[in-house]
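Chain identifiers are assigned alphabetically (A, B, ...) following the order of the sequence lines, protein sequences preceding nucleic acid strands; residue numbering begins at 1 within each chain. These numbers come from the heavy atoms of this one structure, side chains and all, not from hydrogens, waters or symmetry mates.
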Amino acid sequence: MIDVIESFVEILNLKDVEWEIYWESGRSGFFRIECEIFDCFQRKFYFGIGLRVGLNGKFGFFYIIGIYYFCLEFEKFVEWMIKLVKVSEVFFRGFFVLFKVFEVKGIYDRKIEEIFFEDVYVFVFQYVEKMRELKEKEIFLGLIFLVFERYGVVNFNGVEFEVFLMYMGVFVYVVREDILGNGLFYQSYCFFQGIEVFEEVIMKVKEDVELSVRVKRFEFYEGEVVLELEVVLFIVEVFFENFYGDEVYYGRSRFFSFGDRVVLEDFIFLDDLMFEGFLGSYFFDGEGIFGQRIILIENGILKGFFFDYIYVFLFGFKSIGNVVRSFRIVLLIGLSNFVVEFGKEGLEDFEGIIIKNVFGEYIVNLVSGDFLFLVGFGYVVRDGEFVFFKDNMFVGNVFDFLKMVEFGKVIKRIFLFMVLRVKVYVKIV
Amino acid sequence: MEVERFIRFVEELVRKYGIGYYEIRILRVVMIEVFMSNGQFRGFFSNFEMGIGVRVFNGVWGFLSVNDFERFEKVIEIVMKIVKFFWGELKIYIGDFVVDDVEMFVKRFFFDINIEEKVVFVKEIDFMLIGERIVNRNVFYCDIVVEIFYFNFLGSEIRMVVFRICFGFFVIVKENGEMQQYWKSFGGMLGWEMVEGIDIFYWIFLVVEKVRVLLKVSFFLLGEFQVIVDLEFMGFFIYEVFGYVVEVDFVKNGDSILVGKFGQKIVVDGFIVVDDLIFLGKFGFYIYDDEGIRVKRVEIICDGVLVNYFNDCEMVQYFGFELNGYGRVQSYVYQFFVRMGNIYVEVGDWLFEEMFEEVKYGFYMIGDKGGQVDIVNGIFIFGVREGYIIENGEFRKMVCDVVFLGKIFDVFKSICVIGKDVRIEYFGYCGKGQLVFVDDGGLYLFMKVFVGGLK
């Protein structure tokens with residue numbers, strides 16, 4: 001534990017309250033390339049704690065940053081906090097008591113921690129050179145960032161954990177100078193990525209840009225359509241908000257009891273926070289509770305929700321550790337690695353209409369699940385020939401969709417999601 | 001605060017490494033937040049934050065942020081070294097030397113209102129929202145004081161203190177498996193007087209009534225129609241559609257439909273879009289931007305012609321425009337970027353009733369429900385909070401889950417009539433991955449647009 005946290009713990013132990021400290025100490029590097037010119041870098045150092053205090057069944061929260069500077073003020077803040085807790089009325093059930101932790105493998109790459117900030121420039125300039133080499137009629141924007149962080153939880157009940165988070169992010173955005181057409185790619189990795197990844201990413205986005213300039217408006221169609229992973233992700237994102245325990249508790253979710261049929265039989269949706277080599281994996285969550293695999297839907301039946309320590313108590317279940325945390329926020333219930341288990345349909349060679357991405361995610365009615373998307377990019381495959389289209393609309397309801405969808409076999413990763421192609425019946429206008 | 005010591009230390013490093021440009025921002029934020037759901041407090045926070053952001057320039061930007069003052073001196077030198085070594089080809093505009101101290105005035109400073117009173121206020125609103133079929137009620141309140149101390153290599157020293165307050169409520173109703181939502185929020189660069197000036201009973205009654213009616217209606221139709229949008233929807237529309245495409249960094253990267261449109265007519269005659277950064281009381285208010293540039297009222301569209309882009313010190317040098325002070329950041333942690341402030345449309349000469357009479361068959365749209373703009377291809381799609389079908393100048397029926405979509409230039413050219421009433425009071429937070437304070441405003445507008453329904 002960091003020295004300053006130890007001194008805070010000593011102060012808190014003298015007060016007649018229950019307490020929990022969530023702390024973070026980290027550094028990050030960010031490099032930006034605009035119009036194939038390296039134009040900006042950023043070095044960020046941060047250190048902060050989020051303190052939760054419980055008293056007489058109520059709790060309060062505040063965060064402090066620049067801890068060394070505020071060391072002398074800490075006791076004053078705690079006194080202010082105790083005063084606030086007395087009027088807060090926020091329900092408090094106590095803090096977590098430890099019983100076991102599982103180790104997750106393959107989520108640390110020491111190269112990300114150990115590389116000198118100055119040395120990253122070698123990679124940045126290689127990236128710039130690669131963009132210049134591959135440039136034709138496009139403008140490139142690129143970002144690289146590296147993050148190394150230590151974070152931990154200490155609480156009144158003796159829970160004391162500390163782990164690392166390290167990752168590398170790569171972002172490429174490409175726009176055609178002479179004609180309408182653009183494309184982008186973003187992914188975070190647990191491992192340091194070499195120049196070959198940048199080249200692969202740039203070529204992939206260039207290919208998307210070239211396809212996007214060849215689109216036409218498509219006429220009315222009603223029938224089977226295959227949705228690519230990005231579109232499935234849009235739909236799943238609307239769906240999974242209904243699994244958050246607080247949303248269920250406060251009546252904002254479509255779901256309220258286990259055992260309801262919510263999708264077709266045979267399909268499994270789960271959240272696996274012990275996925276080896278994946279960024280969403282962790283040893284313990286933001287409250288110090290060990291993580292585990294959660295089945296949300298099994299054989300089409302609702303089996304689980306995401307919980308924090310309070311809502312799991314209010315529902316009367318056991319703790320499962322789904323809290324996402326930063327020292328600036330009290331806590332959030334969230335997912336880790338969301339997985340749609342594969343189905344039986346071989347959709348990889350599907351001939352017909354395929355929608356690759358859509359536009360309009362923010363106007364989905366999250367409570368009813370109704371949506372109207374504009375097709376960002378789609379194509380028709382007939383006898384190996386491709387015709388590209390965009391700007392058509394398709395309308396539906398996420399919950400109805402999931403009751404009739406057919407899942408593909410090949411599962412792929414996008415951000416924190418493991419998803420696959422699906423086949424649905426839709427109207428495109 | 002040891003500001004003098006920081007200044008001296010940075011000046012020594014600048015001399016040592018021969019760096020031509022630096023600027024430092026020290027930020028101090030004090031904030032209270034209260035959040036309640038279904039009668040239970042879910043959040044009750046009192047936060048304090050302080051940190052330093054440093055920018056240095058040597059043909060390439062170097063940026064450092066640190067919230068630990070002890071570490072500051074150790075890491076700033078690394079940034080200087082790197083910038084010196086990796087010089088680049090960028091050029092920037094250098095502003096004037098400024099010394100100023102600005103503390104904004106509010107009638108009732110919210111720190112003078114004790115915390116118990118704020119808690120009671122939130123509880124009372126929650127209680128008033130209880131009602132039949134309402135399965136979810138949320139009430140939030142937040143007040144925030146931001147103090148910024150800025151200094152740079154020219155010797156400029158600016159201190160600015162701004163107060164902001166916001167609160168709102170949100171309800172969901174449920175019946176026979178159907179769910180609907182409605183909300184209202186308020187915010188500004190104001191004190192507790194904003195809360196005292198609101199007719200809470202009126203707004204609660206309106207929100208509860210509207211959400212119940214929405215539960216009973218449905219809508220599925222697609223086509224191009226005559227549409228009148230209300231002040232709130234228009235504010236959102238102008239903010240979303242213009243807010244990004246006139247940001248000159250997007251123009252530079254070829255990423256805006258307004259590339260090459262400067263000086264051209266892009267909207268109908270008589271259409272004026274303004275961004276007034278010094279509009280007192282508005283959420284997006286500021287006097288100096290985050291690059292220490294004094295700001296003003298900026299006309300973006302004048303009589304339908306694009307006459308300005310939002311710019312900052314780097315972009316103004318690149319394009320040769322007049323600097324207008326849109327270099328902004330969410331806090332000391334973030335990179336600078338170009339972003340709007342208080343954007344709105346200037347008044348026309350039509351009354352709402354006069355517009356209404358002109359509609360043969362069309363829609364009246366009230367409030368937004370979020371949306372998305374493709375700024376490269378100029379396509380937008382927005383949700384509407386509530387809509388009404390109008391036939392021969394009369395209301396026919398209410399509709400829900402309406403979608404409003406089209407191509408930006410086509411819609412601009414379809415504007416037939418501009419209303420007389422203008423209101424700028426639809427606050428928010430927005431930015432390219434950051435959350436900066438903004439406000440928008442609108443008026444009644446009559447245009448032709450594509451309308452769709454989700455149900």
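- Of the listed residues A:F59, A:F140, A:W80, the one with more heavy-atom pairs under 4.5 angstrom with chain B than any other is A:W80.
- A 6.0 Å sphere centred on OH of A:Y186 holds more than 12 heavy atoms belonging to other residues, nucleotides or ligands.
- Within the 4.5 angstrom heavy-atom criterion, no atom of B:K81 approaches chain A.
- Looking at B:E314, only its side chain comes within 4.5 Å of chain A, counting heavy atoms on both sides.
- Contacts of B:V384 with chain A are absent, with no heavy-atom separation under 4.5 Å from either backbone or side chain.
- Looking at B:Q335, the atoms closer than 4.5 Å to chain A (heavy atoms on both sides) sit in the backbone and in the side chain alike.
- For B:F237 and B:F380, the ring centers sit closer than 6.0 Å to each other.
- Ring geometry for A:F62 against A:F77 counts as tilted: the plane angle lies between 30° and 60°, on a 0 to 90° scale.
- Of the listed residues (B:R137, B:K174, B:R42), the one with the most heavy-atom contacts under 4.5 Å to chain A is B:R42.
- Looking at B:I52, neither its backbone nor its side chain comes within 4.5 Å of chain A, counting heavy atoms on both sides.
- For chain A, no part of B:F404 is nearby; none of its heavy atoms comes within less than 4.5 Å.
- Of the two parts of A:F125, only the side chain, counted from C-beta on, holds a non-hydrogen atom closer than 4.5 Å to a non-hydrogen atom of chain B.
- With a 4.5 Å cut-off on non-hydrogen atoms, A:K390 touches chain B through its side chain but not through its backbone.
- Contact annotation for B:V54: neither backbone nor side-chain heavy atoms come within less than 4.5 Å of a heavy atom of chain A.
- Inspection of the A:Y173 and B:N253 side chains reveals no N or O donor paired with an N or O acceptor under 3.5 Å.
- Looking at B:L90, the atoms closer than 4.5 Å to chain A (heavy atoms on both sides) all sit in the side chain, from C-beta outward.
- The structure places CZ of A:F394 at 5.0 Å from CZ of A:F371, a figure rounded to the nearest 0.5 Å.
- In this structure, the portion of A:I139 lying under 4.5 Å from any heavy atom of chain B is its side chain and not its backbone.
- Per-residue heavy-atom pair counts under 4.5 Å with chain B were compared for A:I310, A:V85, A:D391, A:I37, and the maximum is reached by A:D391.
- Within the 4.5 angstrom heavy-atom criterion, atoms from both the backbone and the side chain of B:I379 approach chain A.
- B:F45 has its side chain within reach of A:V330: a pair of non-hydrogen atoms, C-beta onward, lies under 4.5 Å apart.
- Proximity to chain A involves both the backbone and the side chain of B:V376, based on heavy atoms less than 4.5 angstrom apart.
- For A:N182, the part sitting under 4.5 Å from any heavy atom of chain B is the side chain, from C-beta outward, and nothing else.
- In the model, A:Q42 has no side-chain atom that pairs as donor or acceptor with a side-chain atom of B:Y334 under 3.5 Å.
- Proximity to chain A is limited to the side chain of B:N138, based on heavy atoms less than 4.5 angstrom apart.
- Dense packing is recorded around NZ of A:K58, with more than 12 heavy atoms of other residues, nucleotides or ligands lying under 6.0 Å away.
- Ring planes of A:F313 and A:F91: parallel class, angle under 30° (limits at 30 and 60°).
- More than 12 heavy atoms of other shown residues, nucleotides or ligands fall within 6.0 angstrom of atom CD in A:E222.
- Considering every non-hydrogen atom in both A:S326 and A:Y22, the closest pair reads C-CE2, 3.7 Å.
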